[in-house]
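Some notes on the structure that comes next.
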Amino acid sequence: AKEQGRNRFHYFTPSMQEYARYRMELIKDLRNAINRKEFEIYFQPIVDMSNGEVYKVEALIRWHHPERGMVSPAEFIPVAEETGLINEIGNWVFEKAAQQSARWRSQFGVEIQISINKSPIQFRDEGVTFADWLSLLRHLDLSSNAICVEITEGLLLDASMGVTDKLLAYRDAGIQVSLDDFGTGYSSLAYLKKFDIDYLKIDQSFTRNLEDDSDGVALCEAIIVMAHKLGIKVIAEGVETEHQKEILAAAGCDYGQGYLYSKPVCLAEFEQAYLLGRKS
Ligand code: C2E
Ligand code: CA
Ligand code: CA
Ligand code: CA
């Protein structure tokens, strides 16, 4: 029995122990991050391919960890989802985005739609949150399409979350919906049939190799034609080169987002680049 016990512990290699410890600390720090004001929203423009103008922006969260420095959302969002902290974080992002939209309107006289990412987990306890969101929009005197919600294909798989009804409620309230990372899920096409969405975002993995990938070009063209027939606008993610942009524009893509136009930037940089000098 003793031998067995020892073997059991052999199973956990030092690196796994380290990882477990690291993860526990991350969770602990994550719980405090909102109160300690360690989160910040970065903004990345989504550009109209027909005229090069900023059409709207995506809000992307950043975590300035006091010791680790910048922690990527790719690293902490999954942990936040597993622990349920994503609800609090998601509400924080929504609040900040709505307040920012109202501020831009009063400072610069422009209404810029802000897209926020909504985790599938957030749909679970949706009832209360959604009402709160709507009342904040009303309180700020914002139209409901000041905010667009980006959802991923995966979430729609889970019928138990009542996603269909919830998305219908969004539509009734006038909140727009983007289908994020399009093409990476299992049943993208079924979703398009089932849900009334406003935007489809072609995943970066399709955009990346467009230059030397004629199949990739054909796929993008087909996605765009199909979306347009369904009355859906198309945003290409991860546009990094002029050539990619040209291929996508020629294929009829409506909007582009990516390093070619701008990386996600902090508020001050965004305002400097796109808003200062406009009317006040
Ligand atoms: P996403 O929603 O697909 O966001 C796009 C990601 O691609 C962002 O990474 C962005 O910085 C990056 N990106 C934009 N243009 C380019 C490009 O031209 N080339 C390349 N290589 N990358 C580009 P980021 O900010 O690290 O976010 C990663 C993911 O974390 C997001 O993917 C999203 O799933 C999640 N995320 C970020 N903020 C939030 C949030 O507030 N709530 C939730 N639930 N998830 C978030
Ligand atoms: Ca997104
Ligand atoms: Ca995406
Ligand atoms: Ca539609």
Side-chain angles (χ1 to χ4, degrees), residues 30 33-34 38-47 49 54 56-65 69-100 113-126 129 133 147-155 161 176-185 188 197-211 223 234-245 247-248 253 255-267 269-270:
L30 208 47
I34 290 186
E38 292 166 2
F39 288 129
E40 184 182 0
I41 291 181
Y42 271 40
F43 300 91
Q44 188 177 32
I46 295 174
V47 174
M49 282 194 159
V54 176
K56 58 179 184 161
V57 297
E58 179 172 1
L60 293 156
I61 196 167
R62 296 291 177 260
W63 181 14
H64 302 281
H65 189 285
M70 190 92 105
V71 183
S72 160
E75 193 173 341
F76 73 84
I77 291 289
V79 175
E81 289 176 334
E82 285 166 42
T83 53
L85 288 167
I86 192 67
N87 287 307
E88 209 185 326
I89 295 172
N91 287 335
W92 181 86
V93 171
F94 171 77
E95 248 175 71
K96 289 291 157 191
Q99 287 162 354
Q100 194 55 61
Q113 187 184 64
I114 302 180
S115 283
I116 59 172
N117 292 282
K118 181 150 184 171
S119 158
I121 308 295
Q122 288 177 262
F123 277 85
R124 261 188 221 153
D125 325 296
E126 175 76 337
T129 309
W133 282 23
I147 298 293
C148 177
V149 172
E150 299 199 356
I151 57 173
T152 47
E153 294 173 43
L155 104 88
M161 290 185 202
Q176 291 198 305
V177 178
S178 284
L179 191 51
D180 208 348
D181 305 338
F182 185 81
T184 59
S188 318
I197 57 155
D198 300 287
Y199 304 94
L200 170 165
K201 299 186 79 171
I202 298 180
D203 190 67
Q204 337 195 337
S205 57
F206 290 92
T207 313
R208 194 165 301 140
N209 300 313
L210 277 184
E211 282 112 331
I223 291 172
V234 180
I235 301 168
E237 301 194 273
V239 182
E240 294 186 353
T241 68
E242 195 69 35
H243 195 179
Q244 289 166 354
K245 183 192 85 177
I247 293 170
L248 287 159
C253 186
Y255 311 106
Q257 177 180 6
Y259 297 166
L260 173 68
Y261 303 105
S262 169
K263 294 197 168 186
V265 292
C266 69
L267 175 64
E269 265 186 77
F270 182 81

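Residues take their numbers from the sequence shown, with the count starting at 1. From a predicted model like this one, the values you see are computed outputs, not experimental measurements. Every number for a ligand or one of its atoms is a count from 1 in the order of the listing.
In terms of protein heavy-atom proximity, atom 39 (C) of ligand 1 is nearest to Ile61 CG2, 3.7 Å. The closest protein non-hydrogen atom to atom 34 (O) of ligand 1 is Asn117 OD1, 4.7 Å. Closest to atom 26 (O) of ligand 1 among all protein heavy atoms lies Pro73 CG, 3.5 Å. Closest protein heavy atom to atom 6 (C) of ligand 1: Gln204 NE2, 3.7 Å. For atom 31 (C) of ligand 1, the nearest non-hydrogen atom of the protein is Leu60 CD2, 4.4 Å.
Note on ligand 1: Glu81 sits outside its first shell, no heavy atom being nearer than 4.0 Å.
In this structure, Lys56 forms a cation-pi arrangement with Tyr199, its terminal cationic atom sitting closer than 6.0 Å to the ring centre and no more than 45° off the ring axis.
The side chain of Glu58, and not its backbone, has at least one atom closer than 4.0 Å to an atom of ligand 1 (non-hydrogen atoms only; side chain from C-beta on).
Taking every heavy atom of Gln44 and a limit of under 4.0 angstrom, the matching atoms of ligand 1 come to 14 (C), 15 (N). Against a heavy-atom cut-off of under 4.0 Å, Gly258 is close to the following atoms of ligand 1: 15 (N), 18 (O). Of all the atoms in ligand 1, the ones that sit under 4.0 Å from a non-hydrogen atom of Asp181 are 3 (O). Within ligand 1, the atoms closer than 4.0 Å to a non-hydrogen atom of Pro264 are 11 (O), numbered from 1 in the order shown.
With contacts defined as side-chain heavy-atom distances shorter than 4.5 Å, the pair Asp198/Cys148 does not qualify. A heavy-atom distance below 4.5 Å is found between the side chains of Leu30 and Phe39. Side-chain contact between Lys201 and Phe182 is absent, with no heavy atoms from C-beta onward closer than 4.5 Å. For the pair Ile77 and Ile86, the minimum side-chain heavy-atom distance is below 4.5 Å. Side chains of Leu260 and Gln244 form no contact here, defined as non-hydrogen atoms less than 4.5 Å apart. Residues Arg62 and Pro264 form a side-chain contact, since some pair of their non-hydrogen atoms from C-beta on lies under 4.5 Å apart.
Not a single N, O or S atom of Glu237, from either the backbone or the side chain, sits less than 3.0 Å from the Ca ion (ligand 2). For the Ca ion (ligand 3), the set of nearby N, O or S atoms under 3.0 Å includes none belonging to Asp203. Among the atoms of Asp180, an N, O or S atom is found under 3.0 Å from the Ca ion (ligand 3).
The nearest pair of heavy atoms linking Ala33 to Trp63 is CB-NE1, 3.7 Å. Taking each heavy atom of Ile89 and Ile61 in turn, the nearest pair found is CG2-CD1, 3.5 Å. Across every non-hydrogen atom of Trp133 and Gly90, the tightest pair is CZ2-O, 4.3 Å. What you find for Ala97 and Ile116 is that their closest heavy atoms are CB-CG2, 3.8 Å.
In this model, no donor atom of one side chain and acceptor atom of the other lie less than 3.5 Å apart for Thr129 and Gln122.
There is a protein heavy atom less than 4.0 angstrom from atom 44 (N) of ligand 1. Closer than 4.0 Å to atom 22 (N) of ligand 1 lies at least one heavy atom of the protein. Of the protein's heavy atoms, none falls inside 4.0 Å of atom 29 (C) of ligand 1.
Below 3.5 Å of separation, one finds no N or O of Ala74 facing any N or O of ligand 1. Residue contacts with ligand 1: Arg62 is placed with a nitrogen or oxygen under 3.5 Å of a nitrogen or oxygen of the ligand (distance criterion only). Below 3.5 Å of separation, one finds no N or O of Lys118 facing any N or O of ligand 1. The shortest N or O to N or O distance between Asp180 and ligand 1 is below 3.5 Å.
Of all the listed residues (Phe94, Tyr259, Tyr261), Tyr259 holds the heavy atom that lies closest to atom 16 (C) of ligand 1. Which of Gln257, Glu240, Met70, Glu237 comes nearest to atom 20 (C) of ligand 1 through a heavy atom is settled by distance: it is Glu240.
The Ca ion (ligand 2) lies at the vertex of an angle of 90° between the OE2 atom of Glu58 and the OD1 atom of Asn117 (rounded to 10°).
Its N, O or S atom nearest to the Ca ion (ligand 3) is what matters here, and for Asp181 that atom is OD1. Take the N/O/S atoms of Glu150: the one nearest the Ca ion (ligand 2) is OE1.
Taking a 6.0 Å sphere around CD of Glu88, one finds it holds 12 or fewer heavy atoms contributed by other residues, nucleotides or ligands.
Looking only at distances, a side-chain donor or acceptor of Gln44 sits under 3.5 Å from a matching main-chain atom of Ser262.
Aromatic ring orientation, Tyr42 versus His64: tilted (interplanar angle from 30° to 60°).
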